[in-house]
Amino acid sequence: MKLKTVEKDRPSSAQRLVFTGVMLVLAMICAWLFNVQSKFNPAVIAFIPVEEKPDKNIINSVIHINAPLTAMSPAELFFPDTLYEKINGRADLYLTAGFKQLAAQRIAADIQKSAWMELFVYDMVEAKNAFAVYSLQKRENIKSSSITNNAYFAENAFFMTHGPYYVEIIGAEMSSTLSEAIENVAKQFIKEHPVKSNAALTEIDLFPVAGLKKESITLIPANGFGFEKLDKVFTAEFNINDTLYTGFISKRESNETAKRLALDLKIFFSTFGGVVLENTSDIETAVIIEVMDDYEIIFFQGLYIAGVHEAKTLAGAIDLAKKIQKTITDSEKW
Amino acid sequence: MAGVGAGAYFFYEPTIPTSVGRADNNITLPGFAVKNTKKKLCIARGKDRKKTLKAALSAMGTMAAFIKQGDHVLLKVNAAFASPPGLCATSHPDLVFETARLCFEAGAAKVVVTDNPINDPATCFALTGIEKATKKAGAKLMAPRPSMFYPYTLKDGRLIKDWPLLYGPLQHADKVIGLAPVKDHHRSGASMILKNWYGLLGGNRSIFHQDIHTIIKELALMIEPTLVILDGTVSMVANGPTGGSMADLKPTNTMIVSTDPVAADAYGATLLGLETEDLPFIGKAEKAGVGTSDFSSLDPIMVQGV
């Protein structure tokens, strides 16, 4: 049987012309679209209507306000997308530390409203987060308060953590009457918002006592020492032989992640010209790096990464690192 | 594909939404600087704001060198937060009062005080004391309303394009004076004269925080003021821009008055212990031609012990 050869129809020149024309038009549309879309006009964000605050953003009061205190306004609530409307540029600090909600209210110390304060209650979800924002904004020349584990007066203002809450009470002026009223508001808040203990801050107890400047203890929530992977790291200053040193401790999810982070931190410092020195510290996992005339010591043990940051002398840094390692080792025996 | 392209073209909106103010896209801003005068800078040292301001202006030819008979003057203050004057987060009412008073003394027909605060405007103007000071001086307070905002585009601007501008108070102004305190700022490093113009923007302006130094540069290009008054009597040296504790404040006893906003901010930076290089927006504004960061090149007049 003879097979028929079927010749495929080839497009005519007219068809080819139309096809080319259509593809050209489509290409031009794509180019035009790309050109328009590449020029972002911020005004499309400007005109997103700011929704009227629903009732849930206004609450009667943060605390029960008893005479002689009087509420000057209802309490306002702010959330991550509206926190800027209250505290502007400082919002970043809270947002990176796990912020959930702010309740703010102005309260007069007397019926005449001659002296007033503003109460800010930041719900940071966890005690650790609250401590982070508290410690990073700690003022100098403060007067400690025993109202909570972390509380102080700084002239006209009072600051404290209470469980997951970071609380600021800002007095409009300096006066003993207002200070007393502020303290009463703080106590009232604590009474009305019972919380669990601050068990999450165990790292603080791992700093050795000798030479420790307790008021310097800080929790950096993110980008510790400029390194994006180093988050939730406690730091503290130590005075050793009249020289200041900074120790650090961070608890990680597992032994493996602590070890890996220590290696990453070593690489980070090396990237900035750090030179790895011989480990003369007796700490088996330690790495000693000289970075621009300062010394970094990094080691890992169990769940912890720890060490000394920007030390001026190597001997002092090693001494402190060994003390930190000892407290970690001792804690593992508890 | 052709159908998709046609659909995209059908839905394309070439004009900006008209939900804010007018749809008129032809808003332009004149320069408010006094013509044919060279850039000046005066630093007056003292604790009393009214006295240091008056001393600085006297050294520069008095307010009459800038305000003439019949002028409508706009004072762009910083009333961003509902914060009492003692916390120095906003323009001090004593300074607002004295500036307005001196404008009237120089022959101003009208003095208007304005800002678009971050918190509720009425509360901000009241609790900062600015409302009271404005009225006491015989000036008019113009709190922002939606009808005062007009879309504005900065020529060659990347961020300020079709953006709501508080044009209402600017519309009839002959002269514009910026009044700002010296403050630390968590995002930009410092908030002084150049950042003060942020209060002329409306809309969801917080998005510009992602490129804070560029927006400050564009604000500096947007407004050419007659005069700027940077209040470093008590500077907020930490925890800005809101502060809260008087422990955040430092008495720096300095009033900076200038016709060069960049130079004013460059000098103001020194009160915060900062160099110009620490504040990129100053370098950007200088590069854009707004002024000079080398304030010493203006032969500043120093008035001591006021």
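Each chain gets a letter, A, B and so on, in the order the sequences are listed, and its residues count up from 1.
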A.B. asks: Taking side chain as everything from C-beta outward and backbone as N, CA, C, O, which of these in B:Leu87 sits under 4.5 Å from a heavy atom of chain A? Side chain, backbone, both or neither.
C.D. replies: side chain
A.B. asks: At their closest point, which heavy atom of A:Gly89 faces which heavy atom of B:His185, and how far apart are they?
C.D. replies: CA-CE1, 3.8 Å
A.B. asks: For A:Arg106 and B:Ala82, which heavy atoms make the closest approach, and how far apart are they?
C.D. replies: NH2-CB, 3.2 Å
A.B. asks: Between A:Ile170, A:Asn88, A:Val25, A:Ile87, which has the largest tally of heavy atom pairs under 4.5 Å with chain B?
C.D. replies: A:Asn88
A.B. asks: Answer yes or no: does atom CD of A:Glu215 have more than 12 heavy-atom neighbours from other residues, nucleotides or ligands under 6.0 Å?
C.D. replies: yes
A.B. asks: Do you know which of B:Leu127, B:Leu201, B:Ile212 has the most heavy-atom pairs under 4.5 Å to chain A?
C.D. replies: B:Leu127
A.B. asks: By a 4.5 Å heavy-atom criterion (distance strictly below it), what part of A:Phe159 contacts chain B: side chain, backbone, both, or neither?
C.D. replies: side chain
A.B. asks: Grab the two heavy atoms, one from B:Thr242 and one from A:Lys86, that are nearest each other, plus how far apart they are.
C.D. replies: CG2-O, 4.5 Å
A.B. asks: Which answer fits A:Leu93, side chain, backbone, both or neither, if we ask what part of it has an atom under 4.5 Å from a heavy atom of chain B?
C.D. replies: both
A.B. asks: Tell me which of these, A:Met174, A:Arg139, A:Glu155, has more heavy-atom pairs under 4.5 Å with chain B than the rest.
C.D. replies: A:Arg139
A.B. asks: Quick check on A:Glu140 against chain B: is it the side chain, the backbone, both or neither that has a heavy atom closer than 4.5 Å?
C.D. replies: backbone
A.B. asks: Measure distances from B:Lys195 to the heavy atoms of chain A and classify the residue's part below 4.5 Å as side chain, backbone, both or neither.
C.D. replies: side chain
A.B. asks: Please classify the contact between B:Ala80 and chain A as side chain, backbone, both or neither, with a heavy-atom cut-off of under 4.5 Å.
C.D. replies: neither
A.B. asks: Under 3.5 Å, side chain of B:Ser206 to main-chain N/O of A:Tyr84, donor-acceptor pair present?
C.D. replies: no
A.B. asks: Is the backbone of A:Lys138 close enough, under 3.5 Å, to the side chain of B:Asn239 for a donor and an acceptor to pair up by distance?
C.D. replies: no
A.B. asks: Does any heavy atom of chain A fall under 4.5 Å from the side chain of B:Ser188, the backbone, both, or neither of them?
C.D. replies: neither
A.B. asks: Hey, could you give me the CE/CG distance between B:Met246 and A:Asn141, rounded to the nearest 0.5 Å?
C.D. replies: 15.0 Å
